[in-house]
Amino acid sequence: MKRAILSLVAAAALAAACTPNPPERPAGEAEASREWTRPPVIDSVAPSGADLTVSGVADPEARVVLRGDAGAAFAATADSRGRFEVRVPRPAGHLLLRPETQVGQDAAPSPDRLLILDAGRGPVAILRAGGATRRLDPAPALGAIDGDGRMRLASGSAAAGTERIEVQSGGETIQVAPDETGRWSVILPARGGPDPIRVNGRDFVWAGEAAGAEPLAVERLDGGWRIGWTGPGAARQTTWLPDAAAG
């Protein structure tokens with residue numbers, strides 16, 4: 001997992017650094033080349049009456065589809081700037097959605113998954129197999145820990161101007177510099193739970209790997225949520241999301 005995490009984290013950092021609108025293309029180039037089609041990037045989920053509005057950026061005028069494992073699909077068309085809003089009925093419990101872009105006959109499925117917990121009252125996050133989770137809800141200094149039993153990836157988002165994040169785990173202290181968007185991540189050795197972790201002076205406890213092989217398994221634990229989920233290629237991963245009030 002170490003190699004996969006490092007490569008995907010680098011890719012995620014590049015994606016996060018992009019402007020919110022898709023880059024302009026020369027006239028006719030999008031029609032001439034399918035490789036331009038790209039997955040949608042979700043940047044927010046907000047309540048809207050009985051629904052949730054999922055917003056982000058995709059190819060201009062592309063159709064954005066969010067698919068659930070149970071077969072439900074929700075869709076909308078991006079505007080001329082590539083901005084989209086998909087209305088999703090508020091789930092009774094937890095929901096895991098697979099984003100996809102459709103342009104004509106071309107489709108670009110995303111490696112990400114949109115996770116909505118507790119009918120939108122719990123954490124909302126973008127999960128990526130082998131990569132760092134991106135929280136869309138208010139999160140503490142430690143936004144998430146992702147693991148596959150061999151390696152763990154701690155990550156989060158720092159306030160503007162933060163120069164260093166200090167992570168203490170297993171008797172070691174690691175300092176990491178956030179990127180220009182405030183995102184940071186650091187690889188930690190695999191450990192069972194409970195395992196204390198301190199981030200910038202705040203204490204958290206890694207709950208350990210999730211058991212089972214269900215497509216989505218959610219447990220509410222003291223101090224956070226533990227999610228076991230299956231990504232592309234049947235990759236099994238555990239994501240732990242600390243409560244915003246943790247520490």
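Please read all numbers here as calculations on a predicted model, not as lab measurements.
Taking 4.5 Å as the limit, every side-chain heavy atom of Leu95 sits out of range of all side-chain heavy atoms of Leu52. Here the side chains of Asp79 and Pro60 are not in contact, with every heavy-atom distance at 4.5 Å or above. By the 4.5 Å heavy-atom criterion applied to side chains, Leu96 and Leu127 are counted as neighbours. Between Gln168 and Glu166 the shortest side-chain heavy-atom distance falls below 4.5 Å. At a threshold of 4.5 Å between non-hydrogen side-chain atoms, the residues Trp240 and Ile197 do not count as touching. Proximity of Arg128 to Thr133: side-chain heavy atoms (C-beta onward) are nowhere separated by under 4.5 Å.
The closest side-chain donor-acceptor pair between Thr239 and Trp229 falls under 3.5 angstrom. Judged by distance alone, the side chains of Thr238 and Glu209 do bring a donor and an acceptor atom under 3.5 Å apart. Between the side chains of Thr77 and Arg63, no donor N or O sits under 3.5 Å from an acceptor N or O.
The hydrophobic cluster containing Leu97 also contains Val45, counting ILVMFWY residues as joined when their side-chain heavy atoms lie under 4.5 angstrom apart, directly or transitively. Both Leu188 and Ile165 belong to a common hydrophobic cluster when Ile, Leu, Val, Met, Phe, Trp and Tyr are linked at side-chain heavy-atom distances under 4.5 angstrom. Under the 4.5 Å side-chain heavy-atom criterion for Ile, Leu, Val, Met, Phe, Trp and Tyr, Leu142 and Val167 are members of the same hydrophobic cluster.
Residue pairs meeting the salt bridge (charged side-chain N to carboxylate O under 4.0 Å, His left out) criterion with at least one partner in residues 216-225, sequence neighbours excluded, are Glu219-Arg226, Arg220-Asp243.
Side chain of Trp206 to main chain of Ile145: no donor-acceptor pair is present (N/O by atom type, distance under 3.5 Å, no hydrogens or angles). Panel note: side chain Arg135, backbone Ala125; no donor-acceptor pair is recorded below 3.5 Å. No donor-acceptor distance shorter than 3.5 angstrom exists from the side chain of Asp146 to the backbone of Ala132, with no hydrogens or angles considered. For Gln237 (side chain) and Gly228 (main-chain N/O), no donor-acceptor pair under 3.5 Å exists by modelled atom type.
The number of heavy-atom neighbours closer than 6.0 Å to CD of Glu172, taken from other residues, nucleotides and ligands shown, is 12 or below.
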Practice item. Test side chain to side chain contact (heavy atoms under 4.5 Å, CB included) on Ser44 and Leu136 and set out the steps. Key: CA-CA 6 Å; Ser44 69; Leu136 299 182; 5.9 Å; no

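Ion pairing between a basic and an acidic side chain is recognised when a charged N comes within 4.0 Å of a carboxylate O; Arg121 and Asp137 show no such pairing. Using a 4.0 Å cut-off between a side-chain N of Lys or Arg and a carboxylate O of Asp or Glu, Arg152 and Asp195 qualify as a salt bridge.
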Name every donor-acceptor pair, under 3.5 Å, that has one atom in a side chain of residues 157-164 and the other anywhere in the protein, sequence neighbours excluded.
residue : atom : partner : partner atom : Å
Thr162  : OG1  : Ala159  : O            : 2.8

